[in-house]
J.: 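The structure under discussion is supplied below as structure tokens; questions concerning it will follow.
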Amino acid sequence: NAGVTQTPKFRVLKTGQSMTLLCAQDMNHEYMYWYRQDPGMGLRLIHYSVGEGTTAKGEVPDGYNVSRLKKQNFLLGLESAAPSQTSVYFCASRSTGTPQETQYFGPGTRLLVL
Amino acid sequence: AQSVTQPDIHITVSEGASLELRCNYSYGATPYLFWYVQSPGQGLQLLLKYFSGDTLVQGIKGFEAEFKRSQSSFNLRKPSVHWSDAAEYFCAVKGFSGGYNKLIFGAGTRLAVHP
């Protein structure tokens with residue numbers, strides 16, 4: 001089991017460029033999450049999904065879009081990157097039968113927007 | 001509003017010394033509280049959790065935490081720190097807002113361990 005994997009590990013973008021971050025899990029989990037981590041602010045939820053074909057907004061969804069076309073993948077898109085989106089992005093997943101706190105986290109994607 | 005405060009941004013201890021990381025929460029009902037650890041370049045890993053019952057909870061890697069309702073605190077402790085404990089530690093509370101359950105994280109405390 002690879003668990004939760006994220007690609008890419010690191011990316012530099014120019015303002016206005018677009019990109020997609022990929023999260024994949026091989027644990028057959030229903031729930032998947034995207035967080036951003038900023039210094040002094042902990043993790044904040046961007047979007048989440050409770051199953052294939054579903055997505056919902058979290059705390060800080062503006063500027064991001066997501067898709068869950070396959071159960072194992074959760075994509076996070078930035079249509080027009082801004083410097084304020086410089087952050088470390090974490091994906092997480094959990095199964096329906098487990099409580100909220102037992103989320104399995106990926107290793108993160110570090111994004112720098114110039 | 002539900003929130004978590006970790007007053008110490010950065011702590012340095014010597015290997016073998018004891019450790020206490022502070023966490024204060026704001027939550028109207030009985031909180032569900034958690035501590036996570038993030039090693040460099042890794043995702044978050046759950047260390048321990050408190051739901052109810054015994055206010056002293058044991059976790060992995062020799063960590064424990066004590067829930068004190070009167071102080072709204074859930075401090076993390078370890079009697080003897082190892083160099084491999086150098087990491088960032090996040091306290092979190094389970095909250096509900098915007099129509100969904102969620103984890104509310106503190107800003108984190110970065111732990112450095114001197115040999």
Side-chain angles (χ1 to χ4, degrees), chain A residues 1-10 21 23-25 27 29-51 54-62 74 87-94 96 98-110, chain B residues 1-10 21-27 30-52 57 59-60 65 67 74 87-110:
Chain A
N1 268 1
V4 179
T5 57
Q6 294 182 232
T7 52
K9 288 185 170 50
F10 177 71
L21 283 67
C23 175
Q25 52 94 3
M27 298 173 283
H29 287 171
E30 291 79 13
Y31 286 77
M32 296 187 74
Y33 307 85
W34 274 108
Y35 294 90
R36 60 177 289 172
Q37 181 185 30
D38 301 295
M41 302 190 73
L43 273 74
R44 292 181 292 168
L45 183 65
I46 305 171
H47 285 281
Y48 66 101
S49 168
V50 301
T54 74
T55 63
K57 294 180 179 179
E59 298 173 76
V60 289
D62 294 342
F74 195 29
S87 187
V88 181
Y89 292 86
F90 286 99
C91 177
S93 72
R94 71 174 173 98
T96 306
T98 60
Q100 187 89 4
E101 67 278 9
T102 52
Q103 296 179 25
Y104 292 82
F105 285 83
T109 294
R110 190 173 296 273
Chain B
Q2 302 148 3
S3 66
V4 176
T5 302
Q6 294 180 245
D8 305 305
I9 296 172
H10 195 194
L21 302 182
R22 297 184 290 164
C23 172
N24 294 98
Y25 67 89
S26 171
Y27 191 75
T30 300
Y32 288 3
L33 294 158
F34 317 97
W35 275 100
Y36 289 84
V37 60
Q38 182 184 18
S39 298
Q42 304 294 316
L44 275 70
Q45 180 184 20
L46 182 66
L47 277 178
L48 48 77
K49 59 188 177 184
Y50 171 78
F51 286 169
S52 64
V57 293
I60 62 172
F67 171 60
F74 188 56
E88 190 154 18
Y89 292 81
F90 293 93
C91 183
V93 64
K94 183 175 180 178
F96 183 84
S97 69
Y100 61 92
N101 289 315
K102 64 178 182 181
L103 292 175
I104 300 166
F105 289 89
T109 297
R110 186 171 295 278

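All chains are named by letter (A, B, ...) in the order of the sequence lines, taking the proteins before the strands, and each is independently numbered beginning at 1. When reading the values below, keep in mind they use all heavy atoms of this one structure, side chains included, and skip hydrogens, waters and symmetry mates.
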J.: Between B:I9 and chain A, which part of the residue has a heavy atom less than 4.5 Å away: side chain, backbone, both or neither?
T.: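 Contact with chain A is absent: no heavy atom of B:I9 under 4.5 Å.
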
J.: For atom OH of A:Y104, decide whether the heavy atoms of other residues, nucleotides or ligands shown that lie under 6.0 angstrom number more than 12.
T.: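 Count not over threshold, so no.
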
J.: Going by side-chain contact (heavy atoms from CB on, under 4.5 Å), B:L47 matches just one of B:F34, B:Y89, B:Y36, B:F90. Which one?
T.: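 When side-chain contact (heavy atoms from CB on, under 4.5 Å) is applied between B:L47 and each of B:F34, B:Y89, B:Y36, B:F90, only B:Y89 qualifies.
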
J.: Answer with side chain, backbone, both or neither: which region of A:Q6 has an atom nearer than 4.5 Å to a non-hydrogen atom of chain B?
T.: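 Neither the backbone nor the side chain of A:Q6 comes within 4.5 Å of chain B.
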
J.: Tell me, for B:E88 versus chain A, whether the close heavy atoms (under 4.5 Å) come from the side chain, the backbone, both or neither.
T.: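 Contact with chain A is through the side chain of B:E88 alone.
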
J.: Minimum heavy-atom separation for B:A87 to B:V37, with atom names?
T.: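 Taking B:A87 first and B:V37 second, the nearest heavy atoms are CB-CG2, 3.5 Å.
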
J.: So which part of B:Q38 gets closer than 4.5 Å to some heavy atom of chain A, the side chain, the backbone, both or neither?
T.: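 For B:Q38, the side chain is the part near chain A, not the backbone.
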
J.: Is it the case that atom CZ in A:R110 sees more than 12 heavy atoms from other parts of the structure closer than 6.0 Å?
T.: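 Count not over threshold, so no.
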
